[in-house]
Every structure is written in C-alpha cells, then in structure tokens.
Amino acid sequence: MIISSWNVNSINVRLPHVLDWLGKVKPNVLCLQEIKCIDEKFPRQAFEDAGYHCEIFGEKTYNGVAIISDSKPDSVQRGFLGEKEPFSRRFIEAKFGNVSVLDVYIPNGQAVGSEKFFYKLNWLKALKNHLMTEHSPNDLLAICGDYNIAPEHRDVYDPVEMKDQILFSDEEKDALKDIQNWGLVDSFRLFNDEAGHYSWWDYRMNSFRRKMGLRIDHIWVTESLSKHCTQSWIDIEPRKLEKPSDHAPIAARFEF
DNA sequence: ATGGTGGATGGTCCA
C-alpha cells in the first residue's frame, strides 16, 4: 500500500501534473492540500476516469484538502469534531480497513509572533486533541500533509538563517514534538538520515535551482504502522516541470 | 534594501 501527499497549490492548475504522477507512482491514497476550490469546482471526473475516488473538503480561494484513493474509504471525517464555522478547511480523515489516514494542511503562520502564528499554534493543539480523543497510539494511523514545520536542523538549507524564523521556530517545533510524543515517527527518517532532502522551495529567488528548500511535508505514522513501512521518499521530479507546485509530492510504502 | 513569484481574484490576500 502506497500512501502519498502533495500540496498542489490549486488542483485545477496542477491537474495534469497530478494525473501524470498518479499514473507513474500509482499510490493507493493521495492526500492533497491547498486545492483552492469549492467542492463543486474540484475536477472529480478526471480522477474518477483515472480510477480514483475523491473525498473533498474545499473552500473558495484558500486552503482546502482532499483524499484521493483507489478504493472507497470505509468512513470519512471533515474537520475536527465540534469545530464551528467559519473555519478554514485544513483537515480531512479517511479510514481504509483498519488504517486511518489523516490529511492535514497545518497553517503557515506568516511570521513568528503574528496573529496567524498563534492561530497555527492553536491549530496544532486542536490536532493533538483530535488524536487524544478520537484515536489511540496503538491505531494503524498516518498523518500526511503540509505540516509547515521543518522538524530539525538537517531539514533546512540554512539553519543559521532560519533560526527563529517561521516554519523553524522553537515554539512551532515544540508544538510538533508534543504531537509526535503522542506516539508518532517520521517515516522519512526511518530510511534516510541525511541533510539536504527538501519538499518545498519558495517560488522566489530561484530557490529550487539553488537547493534552498525545507522539508515541511511529512508522513508521520504510529509505531504499529511504522513496522509495516518499507520505503518513504520525496519525489522532486514534478518540481522541475513547467508551472510546478512549490511543493514536491511525498510517499510511503507499507506492506502487510 | 523587507525585495522576489505564483494562485485566485478582480483589489488585495495568502504563501
């Protein structure tokens, strides 16, 4: 089973890249973030023609998540329980057999100390609360998505320049560590200890060509699911195409 | 030097 994730920065602009990638990698599940459209404008038919099922939680202009899968999930939850409108659509979860797949688009946070920064920290608390109330660390569970946090020094191109900056501040990393301590492991780090592997590069300043990136997209899994994980990787090829997303897709393979 | 690029939108907001 391959579970994957991609912040596409508009599903309608990125549709050709996503369909091409699905055909090449053939993941069983693809979690999308930043689809940037309401459910009615999601290109559902194109995915169904490719043999995939769509569970969409979109909104106009901003955010929006969706779970694409080769089999219909047994259950789906949109947003956190008890969350009241208006809220940004950044969370959708689907269960496939006994495997729970959580698709997250963690807020960017704009700048350390800003209003959006505290919104981000609060959102992380809500995610932790969701795990504590709706799941057990013994579940077969994966959290896939754009975390908008680089967990360690080796995940950023320049730890000195990034120190105390958004996406790498101690407060963000501590909040994420708190979630990790619930019982999660970073699937990518099960197989690769090297620095210099990134999943996002700013569109500006030729960041991709200059290898100035961050590893902020992740598939974190519970201990029990990690025992089935045989591969976890970042596919930077789509980032090289014309009109790319600023994020690369990531994927992990599980054998049961 | 607070720049720059891209997406949705239709003037700016967001990343």
Side-chain angles (χ1 to χ4, degrees), chain A residues 5-21 30-44 46 56-66 79 85-92 103-124 127 144-151 155-158 160-169 171-173 175-176 198-218 234 236-250:
Chain A
S5 174
W6 198 351
N7 178 323
V8 289
N9 188 20
S10 169
I11 187 56
N12 282 299
V13 171
R14 226 63 65 199
L15 183 61
H17 290 188
V18 176
L19 291 175
D20 183 57
W21 193 77
L30 172 59
C31 296
L32 298 174
Q33 303 89 38
E34 278 206 274
I35 61 172
K36 289 188 168 179
C37 64
I38 58 173
D39 296 11
E40 294 71 28
K41 298 216 168 149
F42 188 92
R44 175 189 290 277
I56 309 157
F57 193 42
E59 62 177 273
K60 193 181 174 190
T61 311
Y62 304 118
N63 313 310
V65 287
E85 299 266 13
F87 55 84
S88 51
R89 296 184 161 186
R90 299 173 176 275
F91 180 83
I92 186 170
D103 179 2
V104 300
Y105 175 42
I106 294 175
N108 172 284
Q110 193 182 48
V112 175
S114 69
E115 196 177 320
K116 292 193 179 75
F117 179 74
F118 295 111
Y119 176 74
K120 179 179 196 170
L121 295 179
N122 280 331
W123 202 93
L124 287 162
L127 175 59
C144 310
D146 178 0
Y147 285 40
N148 265 318
I149 300 172
D155 299 316
V156 305
Y157 68 94
D158 186 342
V160 175
E161 186 186 317
M162 283 303 296
K163 186 175 160 56
D164 301 328
Q165 298 300 306
I166 196 67
L167 313 181
F168 195 60
S169 74
E171 276 173 284
E172 292 163 84
K173 284 183 283 188
L176 191 53
Y198 310 129
S199 66
W200 171 85
W201 302 259
D202 200 306
Y203 283 123
R204 296 164 289 192
M205 300 181 295
N206 275 316
S207 299
F208 183 66
R209 189 180 54 75
R210 296 161 66 193
K211 303 187 190 303
M212 296 167 65
L214 306 176
R215 196 174 68 90
I216 58 175
D217 299 85
H218 308 289
I234 304 168
I236 68 166
E237 291 308 310
R239 189 63 176 79
K240 301 173 181 172
L241 301 173
E242 286 292 313
K243 285 185 84 66
S245 167
D246 44 353
H247 294 255
I250 59 173

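Bear in mind that the values here come from a model prediction, so they are computed numbers and not experimental data.
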Student: Starting at the 5' end of DNA chain B and moving along, which residue's nearest nucleotide shows up first, Asn63(A) or Lys41(A)?
Tutor: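 Its nearest nucleotide lies further toward 5', so the answer is Lys41(A).
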Student: Separation of Arg209(A) atom CZ from dT5(B) atom P, in whole Å?
Tutor: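 Arg209(A) atom CZ is separated from dT5(B) atom P by 13 Å.
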Student: How long is the line joining CG of Asp202(A) and C1' of dG3(B), in whole Å?
Tutor: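 Whole-Å distance recorded here is 12 Å.
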Student: When the distance from OH of Tyr119(A) to P of dA15(B) is rounded to whole Å, what number comes out?
Tutor: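 It is 9 Å, rounded to the nearest whole Å.
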Student: In whole angstrom, what separates Leu167(A)'s CG from dA15(B)'s P?
Tutor: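 About 11 Å, once rounded to whole Å.
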Student: Where does the angle between the aromatic ring planes of Trp200(A) and His247(A) fall among parallel (under 30°), tilted (30 to 60°) and perpendicular (over 60°)?
Tutor: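 Because their plane-to-plane angle lies in the 30° to 60° range, the rings of Trp200(A) and His247(A) count as tilted.
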Student: Without decimals, in angstroms, what is the distance between Asn7(A) CG and dA15(B) C1'?
Tutor: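 Those two atoms, CG and C1', are 9 Å apart.
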Student: So with a 6.0 Å cut-off around NZ of Lys173(A), is the heavy-atom count from everything else above 12?
Tutor: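 Check passes, neighbour count above 12.
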Student: Does either side chain, that of Lys36(A) or that of Asn9(A), offer a donor lying less than 3.5 Å from an acceptor on the other one?
Tutor: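 On atom types as modelled, these side chains qualify, holding a pair under 3.5 Å.
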Student: Does the side chain of Arg14(A) get closer than 4.0 angstrom to OP1 or OP2 of dG6(B) through an N or O atom?
Tutor: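 No, because none of the side-chain N or O atoms of Arg14(A) sits under 4.0 Å from OP1 or OP2 of dG6(B).
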Student: Looking at dA15(B), I'd like to know if its phosphate oxygens (OP1 or OP2) sit under 4.0 Å from a side-chain N or O belonging to Arg90(A).
Tutor: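 The answer is yes; a side-chain N or O of Arg90(A) sits under 4.0 Å from OP1 or OP2.
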Student: Only one of Leu15(A), Ile11(A), Asn12(A) clears side-chain contact (heavy atoms from CB on, under 4.5 Å) with Phe42(A); which?
Tutor: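 Answer to the side-chain contact (heavy atoms from CB on, under 4.5 Å) test with Phe42(A) among Leu15(A), Ile11(A), Asn12(A): Ile11(A).
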Student: Taking dT2(B) as the reference, what is the distance to dA15(B) when you measure between their C1' atoms (whole Å, please)?
Tutor: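 Rounded to whole Å, the distance is 16 Å.
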Student: Check the distance between dA8(B)'s P and Ile11(A)'s CD1 and give it to me in whole angstrom.
Tutor: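 In whole Å, dA8(B) P lies 11 Å from Ile11(A) CD1.
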Student: What distance, rounded to whole Å, do you find between the two C1' atoms, one in dC13(B) and one in dA1(B)?
Tutor: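 It comes out at 24 Å once rounded to the nearest Å.
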Student: On the nucleotide dG7(B), are OP1 or OP2 found under 4.0 Å from the side-chain N or O atoms that Lys243(A) carries?
Tutor: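 So the side-chain polar atoms of Lys243(A) do come within 4.0 Å of the phosphate oxygens OP1 or OP2 of dG7(B), strictly under.
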Student: Rounding to an integer number of Å, can you tell me how far Asn206(A) CG sits from dG4(B) C1'?
Tutor: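 In whole Å, dG4(B) C1' and Asn206(A) CG are 10 Å from each other.
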Student: So if I take every side-chain heavy atom of Met205(A) and compare against dA15(B), dG7(B), dG4(B), which nucleotide ends up nearest?
Tutor: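 Looking only at heavy atoms from C-beta outward on Met205(A), the closest nucleotide is dG4(B).
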Student: Please determine, for the side chain of Ser10(A), which listed nucleotide (dC14(B), dA15(B), dA8(B)) has the closest atom?
Tutor: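 Among the listed nucleotides, the one closest to the side chain of Ser10(A) is dA8(B).
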Student: Judged by each residue's nearest nucleotide on DNA chain B, which is more toward the 5′ side, Tyr203(A) or Lys60(A)?
Tutor: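 The residue closer to the strand's 5' end, by nearest nucleotide, is Tyr203(A).
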Student: Can Asn63(A) and Arg90(A) be counted as having a side-chain donor-acceptor contact under 3.5 angstrom?
Tutor: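 Looking only at side-chain atoms, Arg90(A) and Asn63(A) do form a donor-acceptor pair, the distance falling under 3.5 Å.
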Student: Report the distance from atom CZ of Arg204(A) to atom P of dC14(B), rounded to the nearest whole Å.
Tutor: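 In whole Å, dC14(B) P and Arg204(A) CZ are 14 Å from each other.
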Student: Which is true for Tyr105(A) with a 4.0 Å heavy-atom rule: it touches a base, it touches only sugar-phosphate, or it touches nothing?
Tutor: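 If one applies the 4.0 Å heavy-atom cut-off, Tyr105(A) turns out to touch the sugar-phosphate alone, with no base involved.
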